[in-house]
Q: 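For reference, the structure I am asking about is given below.
The residues of the chain are indexed from 1 along the displayed sequence.
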Amino acid sequence: MAAEQGEVEVIHSWSAPRSLSTSLTYSFHQRDDTEVLDEPLYATFLQVTGAERPYREDVLSKMENDGDKVVKDVIFGPGSKKYRFCKHMAKQRVPGLPSDLMKKGKHFILIRNPLDILPSFDKVVPPSFLELGLGELVSIYSELCDLGTPPPVIDAADLHENPEATLQCLCEDLQIPFQSSMLKNNDLQAFYVAYRSYLMQAFSRWEAGPKPIDGIWAPWWYKSVHKSTGFASERKYPAEFPFSLYHLLEQSLPFYNLLKRQVKRVSSLPPPDLPVPANEKLLAWVGDEILPRESAKVSVFDSVVQGGDSVWEGLRIYDGKVFKLEEHLDRLFDSAKALAFENVPTRGEIKDAIFKTLIRNGMFNNAHIRLSLTRGKKVTSGMSPAFNRYGCTLIVLPEWKPPVYDNTKGITLVTATTRRNSPNNLDSKIHHNNLLNNILAKIEGNNANADDAIMLDKDGYVSETNATNIFLVKKGRVLTPHADYCLPGITRATVMDLVVKENLILEERRISLSEFHTADEVWTTGTMGEISPVVKIDGRLVGDGQVGPVTRRLQNAYKNLTDASGVPIPTYREA
């Protein structure tokens with residue numbers, strides 16, 4: 001007796017070729033509540049595009065090729081089970097198909113790295129960007145998002161690594177019950193068993209040969225699957241990549257990476273929370289273009305990657321103005337010259353990059369820029385600047401960033417055992433990106449649960465903290481260390497000027513650690529933190545442990561200065 005026919009809920013799987021889509025189809029076929037269709041739109045695709053295949057006429061003669069009928073009568077036709085799993089290649093979504101195809105049913109996207117697809121792709125058809133279909137996969141994802149139903153995205157690599165967790169997660173996202181049968185008698189379970197080192201005989205294995213659910217094209221595409229009696233684990237070492245397809249890899253990888261960012265990770269840590277969530281979406285300048293956050297990258301051949309060979313500045317934005325821009329650019333160019341950079345962008349070019357990046361982001365207040373200038377990309381890896389023949393790389397990284405320290409209640413410091421570099425080794429007046437000396441001190445501060453760490457020079461005198469310059473007040477006098485071992489900061493110089501303007505006594509000299517322990521007030525200075533009161537050093541309260549009056553006075557003077565000065569961002573007031 002024939003099973004009663006009724007309405008079914010359709011599950012659409014969209015993928016590129018060679019993406020384990022057949023294995024996934026077999027897995028869903030194991031469910032007792034699901035029927036499967038192997039590429040029901042294939043004939044429509046061949047009819048509309050005229051694409052050549054060795055089995056073209058066979059497919060056209062045996063499958064419905066009218067797109068309207070396929071969608072209405074085949075994909076959404078009545079069935080005998082609760083679900084119908086439809087395996088689709090993204091390129092088969094040809095123009096003119098009924099809108100119900102995307103509006104009805106549950107959709108998900110299966111992706112695989114083109115590095116793994118391309119080595120075997122040309123066994124049947126010549127590979128091309130259109131045949132691969134990753135661009136259309138992105139289009140499908142975008143359209144479903146516009147319809148208000150963002151599809152789950154799974155990666156074939158996760159099916160290899162942990163099929164059970166990946167399938168459970170997929171079923172949860174599709175809001176269908178997971179069935180353990182999806183892992184039995186099929187390639188996924190066979191791999192899962194091998195991967196987990198379970199006894200192979202504890203589970204049934206799938207039989208070799210064709211399956212009744214296979215499409216007509218199976219003899220051309222499914223040979224390796226049909227030869228197996230289980231799904232072998234992914235090769236430890238991959239196949240050699242055919243470099244004749246290098247251009248296709250370059251075209252395809254951005255689309256794969258875009259979709260990969262949508263994968264819900266089942267075998268790794270969740271993404272961390274950002275200090276400022278608004279920075280999840282920002283635009284940064286790299287080289288000569290503005291890019292989204294996740295695409296803003298430098299080459300692995302860049303000098304900053306090869307050896308930390310770069311200089312940088314921090315810039316803060318107040319009410320449509322870049323504070324102390326000219327002073328920061330002066331130091332940037334001085335640092336670049338000290339390191340013998342060549343083909344350095346002009347001052348005007350760097351300013352334009354800063355302004356364009358800020359305007360694109362709409363960042364006109366309470367923002368910070370990390371401005372970097374690397375020696376540039378090399379023609380081959382190595383230390384020698386002789387390999388740098390492309391010119392410098394400019395990076396403008398803007399973020400929404402309030403002051404990074406508690407400037408109201410104050411911060412705590414500890415003294416690091418890591419000493420500040422001597423000018424004999426690496427002159428701190430070069431504002432370079434080789435910050436390991438500072439990072440080692442910061443690690444000590446983190447381990448002590450302090451906000452930052454004080455760094456001493458080779459003779460034991462205080463130099464600065466791992467990230468800021470430092471000042472103290474004793475009996476009405478303001479003292480700060482010589483800038484011999486520390487960076488002569490722009491904010492440091494600004495505060496020194498304010499001290500004089502406030503009719504306070506300023507003294508620049510060598511200062512011992514005990515003088516900071518017994519100071520009446522202490523503060524640090526830096527672009528990111530501004531003027532940050534220090535209330536405790538090495539477990540000792542500074543003064544009475546409260547923010548002192550001189551500190552408050554200079555904080556107010558600094559705020560007045562930032563309100564009144566700075567280089568205006570073009571167009572900020574024009575709207």
Side-chain angles (χ1 to χ4, degrees), residues 274-285 290 292-293 296 312-333 347-373 394-411 431 467-469 471 489-502 523-533 547 550-575:
L274 300 180
V276 180
N279 288 325
E280 181 181 2
K281 298 178 181 178
L282 57 80
L283 301 168
W285 182 286
I290 294 178
R293 175 179 176 133
W312 70 282
E313 292 293 322
L315 304 169
R316 188 164 278 286
I317 318 304
Y318 299 93
D319 192 25
K321 301 184 296 294
V322 184
F323 188 60
K324 297 289 182 180
L325 174 59
E326 301 296 349
E327 292 86 342
H328 280 287
L329 291 181
D330 286 343
R331 188 170 64 185
L332 183 79
F333 284 112
R347 196 180 196 93
E349 288 170 339
I350 295 178
K351 281 186 176 181
D352 283 346
I354 291 170
F355 293 145
K356 289 176 181 178
T357 305
L358 289 172
I359 292 167
R360 286 291 194 188
N361 283 282
M363 291 184 179
F364 303 115
N365 194 35
N366 208 27
H368 177 273
I369 283 178
R370 174 90 174 204
L371 179 69
S372 299
L373 185 69
L394 178 65
I395 302 170
V396 183
L397 174 58
E399 291 183 279
W400 299 107
K401 185 167 288 189
V404 295
Y405 303 110
D406 187 341
N407 292 347
T408 301
K409 296 181 180 179
I411 63 174
H431 203 199
T468 56
N469 295 120
F471 291 74
I490 305 296
T491 308
R492 171 183 182 270
T494 302
V495 171
M496 291 171 74
D497 288 341
L498 290 176
V499 169
V500 175
K501 289 178 181 179
E502 291 292 315
W523 67 78
T524 64
T525 61
T527 301
M528 280 208 295
E530 300 176 336
I531 298 176
S532 304
V547 180
V550 176
T551 306
R552 293 286 191 210
R553 183 173 165 184
L554 290 169
Q555 283 180 325
N556 291 333
Y558 188 84
K559 183 180 185 306
N560 292 335
L561 184 63
T562 60
D563 289 342
S565 61
V567 177
I569 301 168
T571 75
Y572 172 58
R573 295 295 187 188
E574 291 180 6

Q: State, to 0.1 Å, how close D406 and P533 come at their nearest heavy-atom pair, and which atoms those are.
A: O-CD, 4.1 Å
Q: Is T491 close to T468 at the side-chain level, that is, under 4.5 Å between some pair of heavy atoms?
A: no
Q: With rounding to the nearest 0.5 Å, note down the distance linking NZ in K559 to OH in Y318.
A: 10.0 Å
Q: Between V547 and T408, is the side chain to side chain contact (heavy atoms under 4.5 Å, CB included) condition met? List the steps.
A: CA-CA 8 Å; V547 180; T408 301; over 6 Å; no
Q: How many angstroms lie between CD1 in I490 and NE2 in H431, if you round to the nearest 0.5 Å?
A: 9.0 Å
Q: Let me see the working for L332 and I350 under side chain to side chain contact (heavy atoms under 4.5 Å, CB included), right down to the final yes or no.
A: CA-CA 11 Å; L332 183 79; I350 295 178; 3.9 Å; yes
Q: How long is the gap from CG on N556 to OG1 on T551, to the nearest 0.5 Å?
A: 11.0 Å
Q: Could you tell me if the side chain of T527 sits less than 4.5 Å from the side chain of F323, heavy atoms only?
A: no
Q: Kindly compute the distance separating CH2 (W400) from NZ (K281), expressed to the nearest 0.5 Å.
A: 14.5 Å
Q: Would you say that L397 contacts T357 through its side chain, given a criterion of any heavy-atom pair below 4.5 Å between the two side chains?
A: no
Q: Measure the spacing between CG of L561 and CG of L554 and express it to the nearest 0.5 Å.
A: 11.5 Å
Q: Would a 4.5 Å heavy-atom cut-off, applied to side chains only, mark E349 and L394 as touching?
A: no
Q: Side chains of I369 and L358, heavy atoms from C-beta outward: is any pair under 4.5 Å?
A: yes
Q: Would L371 and L329 count as a side chain to side chain contact (heavy atoms under 4.5 Å, CB included) here? Give the steps.
A: CA-CA 10 Å; L371 179 69; L329 291 181; 4.0 Å; yes
Q: Does some side-chain heavy atom of I317 sit less than 4.5 Å from a side-chain heavy atom of I569?
A: yes
Q: If you look at every heavy atom in L325 and L315, which pair is closest and at what distance?
A: CD1-CD1, 4.0 Å
Q: If you take all heavy atoms of R293 and N279, which pair is closest and at what distance?
A: NH1-O, 2.7 Å
Q: Quick check: closest heavy atoms across A284 and A296, and the distance to 0.1 Å?
A: CB-CB, 4.0 Å
Q: Going by the salt bridge (Lys or Arg N to Asp or Glu O under 4.0 Å) test, name the single residue among R331, R347, K321 that passes it with E326.
A: R347
Q: Measuring from Y558:OH to T494:OG1, what's the distance to the nearest 0.5 Å?
A: 6.0 Å
Q: Side-chain contact, heavy-atom cut-off 4.5 Å: F355 with V567?
A: yes
Q: Would you indicate whether the side-chain heavy atoms of Q555 and E530 approach each other to under 4.5 Å?
A: no
Q: Is the backbone of E399 close enough, under 3.5 Å, to the side chain of H368 for a donor and an acceptor to pair up by distance?
A: no
Q: Would you say R553's side chain and E502's backbone share a donor-acceptor pair under 3.5 angstrom?
A: yes
Q: Taking atom CD of E280 as the centre, does the number of heavy atoms from other residues, nucleotides or ligands within less than 6.0 Å exceed 12?
A: no
Q: For the backbone of G489 and the side chain of N469, can you confirm whether one donor and one acceptor N or O come within less than 3.5 Å of each other?
A: yes
Q: Looking only at heavy atoms, which two atoms of V396 and A353 are closest? And how far apart?
A: CG2-CB, 4.1 Å
Q: For the residue pair N407 and S532, what are the closest heavy atoms and their distance?
A: OD1-OG, 2.7 Å
Q: Does the plane of the ring in W523 sit parallel, tilted or perpendicular to the ring in F471? Use 30° and 60° as the thresholds.
A: parallel
Q: Test side chain to side chain contact (heavy atoms under 4.5 Å, CB included) on R316 and K401 and set out the steps.
A: CA-CA 9 Å; R316 188 164 278 286; K401 185 167 288 189; 4.2 Å; yes
